[in-house]
Protein chains: 2
Amino acid sequence: MLYSIIETLKKNQLSITDSRKKILEMFVKTKGALAHADIEHQSGTEFDRVTIYRTLQTFVEKGIIHTIPTADNSVRYALCKEECSEGHHHDDHVHFMCDDCGTTYCLDKISVPHLNLPNGFTASQTDVVVSGKCGKCN
Amino acid sequence: MLYSIIETLKKNQLSITDSRKKILEMFVKTKGALAHADIEHQSGTEFDRVTIYRTLQTFVEKGIIHTIPTADNSVRYALCKEECSEGHHHDDHVHFMCDDCGTTYCLDKISVPHLNLPNGFTASQTDVVVSGKCGKCN
DNA sequence: AAATATTTTGCAACAACGTTGCATTGTATT
DNA sequence: AATACAATGCAACGTTGTTGCAAAATATTT
């Protein structure tokens with residue numbers, strides 16, 4: 001199935017601009033997740049740092065991408081699957097970070113297991129981050 | 001069982017200094033996790049920012065405390081249980097972050113479930129962070 | 001207990017990351 | 001094509017975290 005960048009932007013009532021098209025394209029073309037710095041390097045001096053920050057923020061708010069909690073507390077982003085409800089992302093899949101190459105994967109097929117919390121605790125979201133070696137580095 | 005601050009420092013071959021005693025004491029007295037900023041506020045101008053950073057770093061290296069990955073990518077620390085092997089922390093328990101009061105708990109009794117990774121992927125560490133409402137805020 | 005060696009601290013400077021306000025430019029609407 | 005609206009770039013700023021080095025505190029030796 002094809003991911004239409006223009007359609008995605010329109011659907012979310014966002015103006016179609018160069019930065020949004022290019023940044024969204026990067027996510028579509030990348031299997032793994034991207035950090036702000038990755039985008040900055042890939043795009044060179046084409047966009048201002050601030051524009052990249054704001055674009056990422058907007059995409060997160062609209063539910064186009066989601067943030068990934070990482071073991072080293074760096075901020076990474078990845079495309080949301082179509083089913084993501086707008087603005088509220090259901091983080092029901094597992095993330096994997098390769099210790100060698102640094103790539104972050106969304107393991108969409110592994111769902112987060114249910115946990116029995118202590119009395120009085122209720123969960124709204126569960127994030128699972130696995131570190132180790134990925135298929136390429138093993 | 002009593003947690004002896006001095007003993008812990010000695011055991012890890014660390015000089016016994018004011019900052020280490022006080023910062024370690026904060027962790028012992030706190031049920032939840034602490035961020036660098038928490039420590040800075042609680043200790044006022046007593047210690048330099050840099051000292052706090054270095055103390056936390058040292059404690060992590062020695063396996064006295066461990067870092068907690070959070071959904072909002074802020075760095076938090078919590079006391080390790082005695083069983084932690086020096087320098088290498090076995091992060092086999094679940095962490096809980098309250099959306100209301102911001103407290104972070106180590107749910108020591110809930111162990112991280114085993115996951116079936118895709119072919120070629122091997123795990124070295126698994127972090128689980130649950131967000132929601134804690135016992136006090138529910 | 002005093003002198004020496006070793007560690008730790010505080011300061012200053014710096015780098016990375018992220019945010020905000022505002023004028024300018026680009027996109028959408030009429 | 002003209003107007004209204006939204007996004008961008010720039011500058012400035014704040015926070016967070018790091019590094020080098022002299023001064024101070026701790027540990028060790030005599």
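Atom set for the values below is all heavy atoms of this structure, side chains included, hydrogens, waters and symmetry mates excluded. Throughout, protein chains are lettered first and strands after them, A, B, ... in sequence-line order, and every chain is numbered starting at 1.
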At a heavy-atom distance below 4.0 Å, what parts of residues 32-42 of chain A sit against DNA chain C? none
Hey, is the main chain of Ala35(A) close enough, under 3.5 Å, to the side chain of Asp38(A) for a donor-acceptor pair? yes
Nearest 0.5 Å please: distance from the SG atom of Cys106(B) over to the NE2 atom of His66(B). 4.0 Å
Assess, by modelled atom type and distance only, whether the side chains of Thr55(B) and Arg20(B) contain a donor and an acceptor separated by less than 3.5 Å. no
Could you check whether Phe59(B) and Phe27(B) have their ring centres less than 6.0 Å apart? no
Could you check whether any side-chain N or O of Lys62(B) sits under 3.5 Å from a backbone N or O of Asn12(B), counting only pairs where one atom can act as donor and the other as acceptor? yes
May I have the distance from Leu9(A) (atom CG) to dG26(C) (atom P), rounded to whole angstrom? 19 Å
Distance in Å, Leu79(B) CG paired with Ile65(B) CD1, rounded so as to fall on 0.5 Å steps: 8.0 Å
Please report the interatomic distance OG1(Thr67(A)) to OH(Tyr77(A)), rounded to the nearest 0.5 Å. 7.0 Å
In the 5' to 3' direction, the nucleotides of DNA chain D bounding the stretch that comes under 4.0 Å of a heavy atom in chain B are dT16(D) to dA27(D)
Would you kindly say whether Arg76(A) and Thr70(A) are connected by a side-chain donor-acceptor distance under 3.5 Å? no
Can you give one letter per nucleotide of nucleotides 6-13 of chain C, going 5' to 3': B for a protein heavy atom under 4.0 Å from the base, S for sugar-phosphate only, - for none? -SSBBBB-
Plane angle bin for Tyr53(A) and His36(A) - parallel if under 30°, tilted between 30 and 60°, otherwise perpendicular: parallel
Would you mind checking if Lys29(B) and Glu25(B) are paired as a salt bridge, meaning a charged N to carboxylate O distance below 4.0 Å? yes
